[in-house]
Amino acid sequence: MLQFSFWDILSNLLIATQWTIVLSLIAFFCGGIVGLILLFMRTSKIAALEWFTKIYIEFFQGTPLLMQLFLFFFGIALFGFEVSPWAAATLALTFWTSAFLTEIWRGCVEAIPKGQWEASSSLALSYIEQMRYVILPQASRIAVAPTVGFSVQVIKGTALASIIGFVELTKAGTMLNNATFRPFLVYSLVALIYFCLCFPLSWWAKKIEGRLNVAR
Amino acid sequence: MSYKLQFAELLPYWNVLLYGLAFTIVLTVVSTVAGIAVGTAGAAARTFGPGWLGRVVAVYVELIRNTPFIVQLFFIFFGLPALGLKLSETTAAFLAMVINLGAYSTEIIRAGIEAVPKGHIEAGLSLAMSKWEVLRHVVLNQAFRKIYPALSSQIIIVMLGSAVVSQISAEDLTYAANFVASRNFRNFEVYLLAALAYLLLALLTRSLLRALGRVIFKAR
């Protein structure tokens with residue numbers, strides 16, 4: 001019978017951690033791009049676009065991420081496409097991330113004084129130009145801390161991809177547990193690895209936040 | 001798309017789904033009450049307790065906030081029996097929820113406590129109130145008023161996160177949806193219905209908490 005030593009368990013978990021990191025990065029960057037598009041729609045003052053984004057955000061923030069994963073996994077299959085857990089997880093996490101990032105960034109945009117909008121529109125800047133040259137450069141300064149903070153939620157969110165069969169850190173932990181029957185050790189290590197991924201980000205987010213407060 | 005959605009096939013299972021919904025609601029209510037109690041104790045320990053206790057609480061908070069809920073759940077349900085502590089799936093689900101919300105609410109309530117001006121505490125003490133009386137009548141009621149919105153959204157986040165307890169076969173709404181899907185293979189229909197139920201529950205919880213907040217924190 002195959003025996004697993006402590007180092008076998010740890011090295012297998014670390015290999016799977018790469019997939020957690022890859023999935024987190026893809027979800028975060030794709031979610032950021034979709035979120036930016038949604039942000040433009042949300043603050044556009046065009047009623048139809050604002051309503052669409054409101055419903056979109058309400059749906060993705062008001063339902064469990066797990067349900068969204070299931071819906072993508074089984075929903076796309078209805079159209080006759082073969083869906084890999086990888087594709088379903090990427091799509092669901094991207095849309096979920098975008099909904100939260102849009103709301104975070106909207107808060108930052110709304111924190112910019114109204115005079116900035118008025119001044120830039122009196123200089124004949126279009127809405128896109130106002131956002132690009134006046135509002136976003138200022139809003140992005142206050143957006144960094146909550147965005148980094150949210151990236152921790154993204155990493156933790158990828159753990160749910162294990163449920164639809166994507167092999168990342170949590171799934172690898174379950175598989176190793178089934179092979180070794182050492183749940184305490186395996187899940188302690190899994191938790192520890194997640195902690196090592198997330199804690200520096202949490203700490204960094206807190207630090208940036210503190211620095212912003214001093215600047216005022 | 002040639003596929004036709006067939007929601008009628010879910011009808012025979014309405015009682016399974018309703019039971020799951022009730023389980024999710026009870027799980028949320030119980031863990032909210034117990035979690036906030038843990039959070040209040042944790043926040044008080046961090047701000048007024050001895051230094052070592054504050055550090056223990058800080059480690060607990062950071063450990064929980066920086067690991068996924070599903071891993072905490074698996075650790076409690078699969079890991080703890082190795083130490084001789086066997087829990088049923090329902091107990092494990094409740095325990096994991098309380099521990100999780102406890103950590104988040106510790107951090108939220110602590111922020112509220114730190115926002116209470118120091119002069120108020122000193123004023124209370126100089127009126128010969130005991131430390132406990134100051135905590136109860138001066139600090140906590142002001143702190144809760146300030147952090148009530150943040151706490152409300154955390155409760156909703158935890159409620160949505162509770163979908164994960166289905167993975168240790170605690171019989172919540174997601175478990176019921178999985179069960180129905182495994183019987184009639186109408187995966188998309190049942191998950192769509194469950195997702196809408198969660199959405200409705202989230203909206204309902206939000207307005208309920210808002211109304212409750214208006215009653216508790218009436219403008220004096």
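In what follows, chains are A, B, ... by sequence order, proteins preceding strands, each numbered from 1. Since the model is a prediction, treat every value here as computed from it, not as a measurement.
Residue contact with chain B, scored on non-hydrogen atoms closer than 4.5 Å, involves the backbone and the side chain of A:Leu71 alike. B:Ser166 touches chain A through its side chain: at least one heavy atom from C-beta onward sits under 4.5 Å away, while N, CA, C and O do not. Contact of B:Leu83 with chain A is made through the side chain alone, with heavy-atom distances under 4.5 Å. Proximity to chain A involves both the backbone and the side chain of B:Leu63, based on heavy atoms less than 4.5 angstrom apart. Heavy atoms of B:Ile70 lying under 4.5 Å from chain A belong exclusively to its side chain.
Taking the six-membered ring for Trp and thresholds of 30 and 60 degrees, A:Tyr187 and B:Phe78 have nearly parallel ring planes, at less than 30 degrees apart.
A side-chain hydrogen bond (donor to acceptor under 3.5 Å, both in side chains) check over residues 147-168 of chain A, counting only residues at least two apart or in different chains, returns the pairs A:Trp105-A:Thr147, A:Lys156-B:Tyr104, A:Glu168-A:Tyr194. Within the structure, salt bridge (Lys or Arg N to Asp or Glu O under 4.0 Å) contacts touching residues 50-65 of chain B (residues at least two apart or in different chains) do not occur.
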Item to check | Intermediate values then yes/no, side-chain contact (heavy atoms from CB on, under 4.5 Å), B:Phe69 and A:Leu160 | outcome: CA-CA 9 Å; B:Phe69 178 58; A:Leu160 294 187; over 6 Å; no
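In terms of heavy-atom proximity, B:Thr67 sits nearest to A:Ala191 at CG2-O, 3.3 Å. Listed here is the closest heavy atom pair of A:Gly62 and B:Ala202: O-CB, 3.7 Å. The two atoms that bring A:Ser188 and B:Phe75 nearest to each other are OG-CE1, 3.2 Å, heavy atoms only.
Environment of CH2 in A:Trp204: sparse, with no more than 12 heavy atoms of neighbouring residues, nucleotides or ligands closer than 6.0 Å. Within a 6.0 Å radius of CZ in B:Phe7, other residues, nucleotides and ligands contribute more than 12 heavy atoms. Within 6.0 Å of NZ on B:Lys86 lie no more than 12 heavy atoms contributed by other residues, nucleotides or ligands.
A distance of 12.5 Å separates OG1 of A:Thr63 from CG of B:Leu200, quoted to the nearest 0.5 Å. Here the straight-line distance linking atom OG1 of A:Thr174 with atom CZ of B:Phe74 works out to 5.0 Å at 0.5 Å rounding. The CG atom of A:Leu192 lies 11.5 Å from the CG atom of B:Asn66; values are rounded to the nearest 0.5 Å.
Between B:Tyr191 and A:Phe70, the gap from one ring centroid to the other is short of 6.0 Å.
Side chains of A:Glu58 and B:Leu203 form a contact here, defined as non-hydrogen atoms less than 4.5 Å apart.
Comparing A:Phe74, A:Phe73, A:Phe199 by how many heavy-atom pairs each has under 4.5 Å with chain B, the most go to A:Phe74. Put simply, of A:Leu185, A:Val186, A:Thr170, A:Leu65, the one with the most heavy-atom pairs under 4.5 Å next to chain B is A:Thr170.
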